[in-house]
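Single-structure report; data block below.
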Amino acid sequence: MVAITLPDDSVRDFDGPVSGADIAGAIGPGLAKAAIAVRVDGELWDLSRAIDHDAAVSIVTMRDDDETVFDLLRHDAAHIMAEAVKELFPKTQVTIGPSIENGFFYDFSRAEPFTPDDLEAIEARMGEIVGRDEPLIREVWDRDKAIAFFKDMGEHYKAEIIEDLPATEEITLYRQGGFIDLCRGPHLPSTGKLGSAFKLTKLAGAYWRGDSRNEMLQRIYGTAWRTPKELNAYLHRIEEAEKRDHRRLGKQLDLFHFQEEAAGMAFWHPKGWTLYRILEDYIRGRLDTAGYVEVKTPQLVDRKLWEKSGHWEKFGEHMYTTESEERTFALKPMNCPGHVQIFKTDLRSYRDLPLRMAEFGGCHRYEPSGALHGLMRVRAFTQDDAHIFCTREQITPETEDFCRLLLDVYKDFGFEDVKINFADRPEVRAGTDDVWDQAESALTEAAEVTGIEIGLNPGEGAFYGPKLEFILTDAIGRDWQCGTLQVDFVTPERLDANYIGEDGQRHRPVMLHRAILGSLERFTGILIEHHSGAFPLWLAPIQVVVATITQDGDAYATQVAKELRGAGLRVELDLTNEKINYKVREHSLAKVPAIIAIGQREADDGTVSVRRLGSKGQEVLALRDAVDTLAAEAQIPGQSAAA
RNA sequence: GCCGAAGUAGCUCAGUGGUAGAGCAACUGAUUCGUAAUCAGUAGGCCGGGAGUUCGAAUCUCCCCUUCGGCACCA
């Protein structure tokens, strides 16, 4: 007897082992048809797998929670894709094929590259396999037999995976039609359940087991959904995301460009540079009030200093160097050694601590060519960097202050949704466990005052200390790690920084490496994507365009522009001989937040007609009121009104 | 760095071995107009770079550069 408890707490008794399908059938034919899997004591099982013990069971249908359904659906899609590939290209070896966010992939090993045409053929064959509605059958295999089986088939990767599975793990294979694959499962009952809402999206290389020393496999990505409607909605979301790509908007809005002669380094155009400068000025203002001092350190520094700091050994390959005066210099990849040099020019007292030293430090790093990505990953960038030299006791209060400052800044930029990750000690590290204990608890304690839940990023701390990572979420739900705070006991030691304590003895200061925006280039890119290029007034490179309707308005329009500029606004005057429709269109496409149209009426009445970006209508205001309103709205957050 | 794809006018793109094309932008002229494209004309190209095949190359082959999508990397 097997007693099955259903979600409504009713209990059904069965004579012997019973499958999820049997249970669904016993409840009703509708459910039997809709069932795709079963939850047994909370664990997801195949519908056909026999339950031989008393259990709490719930039947899973396509209406179950998204995560469960999509995971099943996409995992099946991966198997069906592998079956299609094996049918079309029998010599291909299969490796792994999981479900991922929004889709799935499968990695294949094959001598010839797949072509985009092959993708179409594979997708078509997948459709056929769905049509065949092949049942997916779970089989438990003997380990050695399974290894021999896959070796015999020439599936060496599969054999290797089994060999590496822990001896305790049950080896399960799933069979569908002529295709059999090692898999933990569970799966949908048959290939027909996948339906038609799937699509192969891209072809890419991927290293076997994610290790660049291994063979490069061919990865095919796809997406799968419950219904064609869901699929189309997803494809539409992708299109919309592409429209806000900062590289595309950078061109459209004339913000910056890249060219071959300086790969990975931006040429900032006037409008883009305006935006960049606003960020820099804003942060500078913030740091001033938060008690930081600003410095500037050399771009080009003798390699000797990098050897001392330890960077040469670890990252020398990624530093740009130049020879001069029979010495080797390196373009600085980071600012900390420079800041320590300034710290050391004076005999420091504990009374000088904490010393918060900030720099908009322009750094160069030789990033691998394949890593470059618009402004997001560049070879020349500027950090809103600072190092706080402090005592161990000051780690917690300084971290608390920093968290508050950072959250304030993110809020000003419209990022309310922030996550914090704590990255603790890596396996290879400098410093004693005692020191790490202290540093880790100092950081977590301080981070807790933010009230934000702290995620753990185990073993991902820097070799010199633990760190906090600050992640913001943009308008379309993507996460960006921008801010960071890292505790460093090693650099002060290596570069011999010290201060005189209350006891009259020399002590090592602790360094807190911290950045709020991270790289100004990258943060600019994030802002462009977050706002789709339609910036709030305080960030917009051109805040207002004053456009005339006919030439009769030129004189008054010039006066309006002058007054707006007088109030500190960034204004463009458009006196061109075009129709107002054309001007409105041009400036709207350029995403200027406010267009002021000037015609005879406004000139006669001393008014302006203001049209806001995104609105269809306009508002007629007295010139003075318009200037005041716009100037107030353009205020940089966190600063008092401009004089 | 690795795998795959791409690079043609300022921008978006067409052009598969036989005299380099379109739209928009630019420039010139006309038009003076009330909230998302006024009309006409003109000009604009080392077809990413180099080598090769060919009577002839944007087009075929090889090498390199850059970009795009991933992977690996990210102090």
Side-chain angles (χ1 to χ4, degrees), chain A residues 105 107-108 110 112-116 118-119 201-221 242 245 247-248 251-252 254 257-264 306 309-319 332-337 363 365-374 376-379 381 383 385 462-464 467 481 484 486 488 490-491 513 518-519 522 547-554 576-590 595-602 609-620:
Chain A
F105 68 77
D107 286 349
F108 300 100
R110 175 173 179 248
E112 300 77 37
F114 289 114
T115 66
D118 293 339
L119 279 204
T201 50
K202 55 198 169 193
L203 200 51
Y207 296 108
W208 166 239
R209 299 202 150 157
D211 189 329
S212 58
R213 289 166 301 190
N214 291 342
E215 187 202 344
M216 173 141 302
L217 306 170
Q218 298 187 61
R219 175 172 295 179
I220 302 177
Y221 282 96
E242 275 167 16
D245 188 309
R247 293 165 299 187
R248 175 178 172 146
K251 233 179 239 175
Q252 269 169 25
D254 195 18
H257 85 270
F258 289 91
Q259 65 186 51
E260 283 192 29
E261 290 83 350
W306 306 111
S309 70
H311 291 103
W312 188 263
E313 195 198 351
K314 222 171 146 84
F315 297 103
E317 300 259 294
H318 299 281
M319 288 164 72
K332 70 171 169 182
M334 53 189 333
N335 309 299
C336 25
C363 295
R365 294 179 184 175
Y366 178 68
E367 301 284 2
S369 55
L372 301 179
H373 182 96
M376 301 303 186
R377 188 83 181 265
V378 285
R379 287 177 172 162
F381 60 97
Q383 292 171 308
D385 198 10
F463 76 95
Y464 48 70
K467 62 182 175 188
Q481 197 221 299
T484 179
Q486 310 176 6
D488 181 2
V490 173
T491 306
H513 304 244
S519 138
R522 179 163 172 271
T548 47
I549 292 166
T550 70
Q551 278 174 348
D552 297 338
D554 284 7
T576 55
N577 177 16
E578 293 291 348
K579 291 166 79 164
I580 192 65
N581 294 25
Y582 180 87
K583 294 186 184 185
V584 165
R585 179 181 153 83
E586 285 299 291
H587 302 303
S588 297
L589 288 174
I595 299 170
I596 289 182
I598 298 293
Q600 198 56 52
R601 281 207 298 271
E602 287 76 13
S609 156
V610 184
R611 181 193 173 104
R612 296 304 191 111
L613 182 60
S615 82
K616 288 227 164 73
Q618 50 268 322
E619 194 183 6
V620 178

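A quick note: this is a predicted structure, and the numbers were derived from the prediction, not measured. Quick note on labels: first sequence line is chain A, next is B, and so on, each numbered from 1.
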Closest to side chain of A:N581, choosing from B:C71, B:U35, B:A26: B:U35
Between P on B:G4 and CD on A:Q218, what's the gap in Å once rounded to a whole number? 7 Å
Going by the rule side chain to side chain contact (heavy atoms under 4.5 Å, CB included), which residues pair with A:Q252 if we only count those two or more places apart in sequence or in a different chain? A:R248, A:L249
B:A5: pairing nucleotide in any strand, Watson-Crick or G-U under 3.5 angstrom: B:U67
Across the strands shown, which category fits A:L589 at heavy-atom distances under 4.0 angstrom: base, sugar-phosphate, nothing? base
In whole angstroms, the gap separating P of B:C24 from CG of A:D254 amounts to 21 Å
For B:G1, take OP1 and OP2 only and decide whether either is under 4.0 Å from a side-chain N or O of A:S212. no
Are the side chain of A:Q486 and the backbone of A:A462 linked by a donor-acceptor contact shorter than 3.5 Å? no
How many whole angstroms separate atom CE of A:M376 from atom C1' of B:C73? 18 Å
Determine the contact category for A:E578: base if any of its heavy atoms lies under 4.0 Å from a base atom, sugar-phosphate if only primed atoms, P, OP1 or OP2 are that close, otherwise nothing. base
For A:T576, give me all partners under side chain to side chain contact (heavy atoms under 4.5 Å, CB included), at least two apart in sequence or on another chain. A:D574, A:E578, A:K583
If pairing means Watson-Crick or G-U wobble with both distances under 3.5 Å, then the partner of B:C47 is none
A:R611 CZ to B:U35 C1': how many Å, rounded? 5 Å
Whole angstrom is fine here: how far is it from NE2 in A:H257 over to P in B:U67? 12 Å
Short side-chain N/O contact from A:K314 to OP1 or OP2 of B:A75, under 4.0 Å: no
Once you apply a heavy-atom cut-off of 4.0 Å, does A:H513 come out as touching a base, just sugar-phosphate, or nothing? nothing
Of the nucleotides B:A75, B:C71, B:U35, which has the atom closest to the A:I580 side chain? B:U35
Kindly say whether, by distance alone, the side chain of A:S609 makes a donor-acceptor pair under 3.5 Å with the base of B:U35? yes
Could you work out which one of B:U35, B:A72, B:G70 sits closest to the side chain of A:A597? B:U35
Base paired to B:A26 (Watson-Crick or G-U; both N/O distances under 3.5 angstrom): B:U42
Whole-Å distance between B:A75 P and A:E313 CD? 16 Å
Distance check needed: B:G1 P versus A:Y366 OH, whole Å only. 5 Å
Sugar-phosphate, base or nothing in reach of A:G310, heavy atoms under 4.0 Å: nothing
Hey, is the side chain of A:H373 poking within less than 4.0 Å of OP1 or OP2 on B:U67, counting only N and O atoms? no
Please tell me whether A:H513 and A:Y464 form a close aromatic pair, meaning their ring centres lie under 6.0 Å apart. yes
Does any nucleotide pair with B:G18 by Watson-Crick or G-U wobble geometry, both distances under 3.5 Å, and what is it? B:C55
Within the stacking criterion (centroid distance below 5.5 Å, interplanar angle below 30°), does A:Y582 stack on B:A37? no
